[in-house]
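Dumping the structure here so I can ask a few things about it.
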Amino acid sequence: TTIYLKDYLPPAFLIEKTHLTFQLDPEKTTVTSVLQCVANPKAAPSQSLTLHGQDLKLVRLQLNNKALTAADYCVEEESLTIHAVPDAFTLTCVTEISPATNSSLEGLYKSRTMYCTQCEAEGFRKITYYLDRPDVLSEFTTTVIGDKQQFPVLLSNGNLVASEQLENGFHSATWHDPFKKPAYLFALVAGDLQVVEDNFITCSGRNVVLKIFVEPKDLDKCEHAMASLKNAMKWDEEVYGREYDLDIFMIVAVDDFNMGAMENKGLNIFNTSCVLANPKTTTDAGFARVEGVVAHEYFHNWSGNRVTCRDWFQLSLKEGFTVFRDEEFSSDMGSRTVKRVEDVNVMRTLQFAEDGGPMAHPVQPASFMEISNFYTLTIYEKGAEVVRMYHTLLGPELFRQGSDLYFERHDGEAATIEDFTAAMAEVSGRDFSQFKYWYSQAGTPVVKAEGDYCAQAKTFSLTFEQYCPDTPEAKGSDKKPYHIPVNVSLLGKAGLLPLTLDSQAQPQTEVVLELTEAQQTFVFNDVQEEPVPSLFRGFSAPVKSAYPYKKADLLRITTQDSDGFARFDAMQQLAVVAIFDVMAALRKQEEWQLEPLLLNAVKELLTNEALDPAMVALMCTLPSQAYMSGLATPIEVELIHQARNAVKAAIAEQCFDLWLAVYNRCLSTKAYAFNANDVALRSLKKVALEYLMVKPTEEVLALCVKQFNNADNMTDESAAMSALVDCTAPLAAKERVDALAQFYERWKDEALVVNLWLSVQAADSTPGALKRVEALLKHPAYDSANPNKIRSVVSVFCNQNAVNFHAIDGSGYVFLADQILVLNKQNPQIASRLLGPLTKWQKYDVNRQGLMREQLLRIQSEPALSKDVYEVVAKSL
Ligand code: ARG
Ligand code: ZN
């Protein structure tokens, strides 16, 4: 069944107070809920109350003081209806659940030795019968009872108000959360956990106790998350005026978790991969991820918890806004340009692919079958880009005023995307009625621009044309033009030119053009020389843009532009052209030569020591296979792979000495620290090593092995391992095998490092990958119930090993379908996520299309398909 936004109705009842008691037991946890219910004055009156519930055993039901009997209620697969209820009453409900056998990792479940919960979006209904919808906000009190020895730590949301020693070695803890919240923000944790403690003094002088709970083995991996949390708390006060509201803030790390982390009020639960960090075991990318996710979940305390969502169609209200907030936080903590390039790469490779596939949906979807399928790059990342566009259009001061108004006006409420827009419109006096199409129309707009310089009149006119392709919900021709901010500069021979638009007095070097028509021209005056326009600087809108640049124009942008993203982007365009040229030559089996402008640009980057090493690293990294795959249909899997490797080899060979010099320049004897400068050096060192190891000399091979053995941090160690694994030169054959074996020996007791080891192998693009992947699934390091392991092997193979996954015999597709069919029963959310690569079948050649569809059909014919998998398969066929 499909649920529609237009069908939204307020709940017939509200639950003012919720008191839960958990008697923990692996296979028979008893949950007693006492709900104080009242009829909703804002809804049509109703005689009966229908609660959500799933996989529950109902033990007892009582209304006020009266025990209910079978005639009083009706239990169905996913609901409980009580036939006649008064306007105000107390409902007591006892259910039994089995956390130990709950492999969906939704509701209450066991992760190794501990109990934990994941309730967003609709997992609370697997705990007890409830109005499991985000517009029902309740004051929660939770009592947890468990064996004291096994579960010395018992946690829930809010403040600890009582704890008791009970008979038979049991104990209990009672938590009270003074802030009303929807059930999806409920959390419970019980385990034998160690804690790292710190504190934060808020801007108004209140002391907040900060606790990070982990298994004893992970105590040495909490420092970075704690520092990140304190930075995030301070940043949210300074940048958004948001102060924390409880006296305690807790984070718990769990091994088995479907997503990254969850913002439960006062008790965030994290996938270990998003909270644990130690230089020895965690790469720079890992450190950055922890910093970003810790901040993200913390920021949800306002954008998500204090102001929550009315219904799940509003998901991007909290996720898009919070991603924008965490992106800006990370930019302020580290390198803004690097962060922007990374985020845009995610948009352009992954979100654009989603937007161009059968699961494409608007940032505010109009309908869904299973909401878990809508925790997507579109809701999160594109949603963040939409918020960023408000920021661009309003400027920082007005945007802040809009944010303040939104929080003030809706504090304690369940709000809508419309409410957010209204606040932004009100403070700015602007009309966002056209801008709202960013929320309601799916698909990536295409913007084509052309420039025309008139030497006589000294004018430069830019003409834009926009259109949006067809998507499942609408034909492109039926879509309205978008309101698109285009950040523009004009580059002269010696740098940025001063800009004057018709209406403008003060010349600037960057302007924000507002494109609102299907076709529109902007004219700049007093332009003294023919400029090269720099468009969509900073990626000012999530669109595919095209401008007929000459290669020399691109080169000018890579060296002259003041915007780091624009420099990167121009360099990437040069590389794309170079790879396409090689593809064309390979197709015709012709000789080819590396594009000299690209080669020169690389040489310039490698010799200019004044440049930011991080920028050099980014600009010298060729566009990924996935990025190239998004640029033309059908995707020529092998040809892209070959051409990309050929270009890489050519750069490697023709710049070998430069790369060696760069590598040596990046060597450092300083102890590891996670800061923008050091990260930059390590990233360039990694890129240098990758190029050097394409065709290593004895000397280079020795350097790589030395780095592998002597590194004092995982960034350098794993970079060396990857370089060895990716090296196909016979010279390194032994070192390659040894590195993998040694790495595993060193790190087999560190789950997160083992994940790295698994994923490096799953991504190994040399022939025979499927056999190796199948062997990994049988390796003792693998755990078929743990999402991180599944992602490290299965997802990495299917998404980052294109030539093997898309093997022309279809074996990769059969493998993936087999995995999905097993996971469909065990963990539908993960199963559904794995479908991604198969759903993109239309982008491939006819032969592969057939093979991919065949597997989708095989999955579809499975009789007991979960809602999650069913929806994605049905929509993609
Ligand atoms: N709200 C969480 C976050 O973005 C994501 C949790 C969603 N979980 C899920 N199983 N759908 O931080
Ligand atoms: Zn979130």
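In each ligand, atom 1 is the first atom listed, and ligand 1 is the first ligand listed. Along the sequence shown, the residues carry numbers beginning at 1.
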Glu413 bridged to Arg310 by N-O distance under 4.0 Å: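 Result for this pair is no, no salt bridge flagged.
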
Pair Asp255-Ser111, side-chain donor/acceptor within less than 3.5 Å: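 Checked: Asp255/Ser111 side chains show no N/O donor-acceptor pair below 3.5 Å.
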
Those protein residues which place at least one heavy atom below 4.0 Å from ligand 1: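 Heavy-atom contacts below 4.0 Å: Gln118, Glu120, Met259, Ala261, Met262, Glu263, His296, Glu297, His300, Lys318, Glu319, Tyr375, Tyr380, Gln829.
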
Interatomic distance, Glu354 atom CD to Ile379 atom CD1 [nearest 0.5 angstrom]: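 Reported value, rounded in 0.5 Å steps: 8.5 Å.
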
No-hydrogen, no-angle side-chain donor-acceptor test under 3.5 Å, Asp311 and Gln314: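 There is such a pair between these side chains.
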
Phe374/Phe313 aromatic ring centres below 6.0 Å: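 No, they do not, as the ring centres are separated by 6.0 Å or more.
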
Main-chain N/O of Phe186 paired with Asn157 side-chain donor or acceptor, under 3.5 Å: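 Not confirmed, Asn157 side chain does not pair with Phe186 backbone.
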
Atom name of the N, O or S atom in His296 that lies nearest to the Zn ion (ligand 2):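 Per the distance ranking, His296 contributes NE2 as its closest N/O/S atom to the Zn ion (ligand 2).
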
Distance-only side-chain donor-acceptor flag, Thr308 / Tyr184, under 3.5 Å: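 Result is yes, a qualifying pair exists.
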
Where the Zn ion (ligand 2) is the vertex, angle from Glu319 OE2 to His300 NE2 to 10°: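 With the Zn ion (ligand 2) as the vertex, the angle is close to 90°.
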
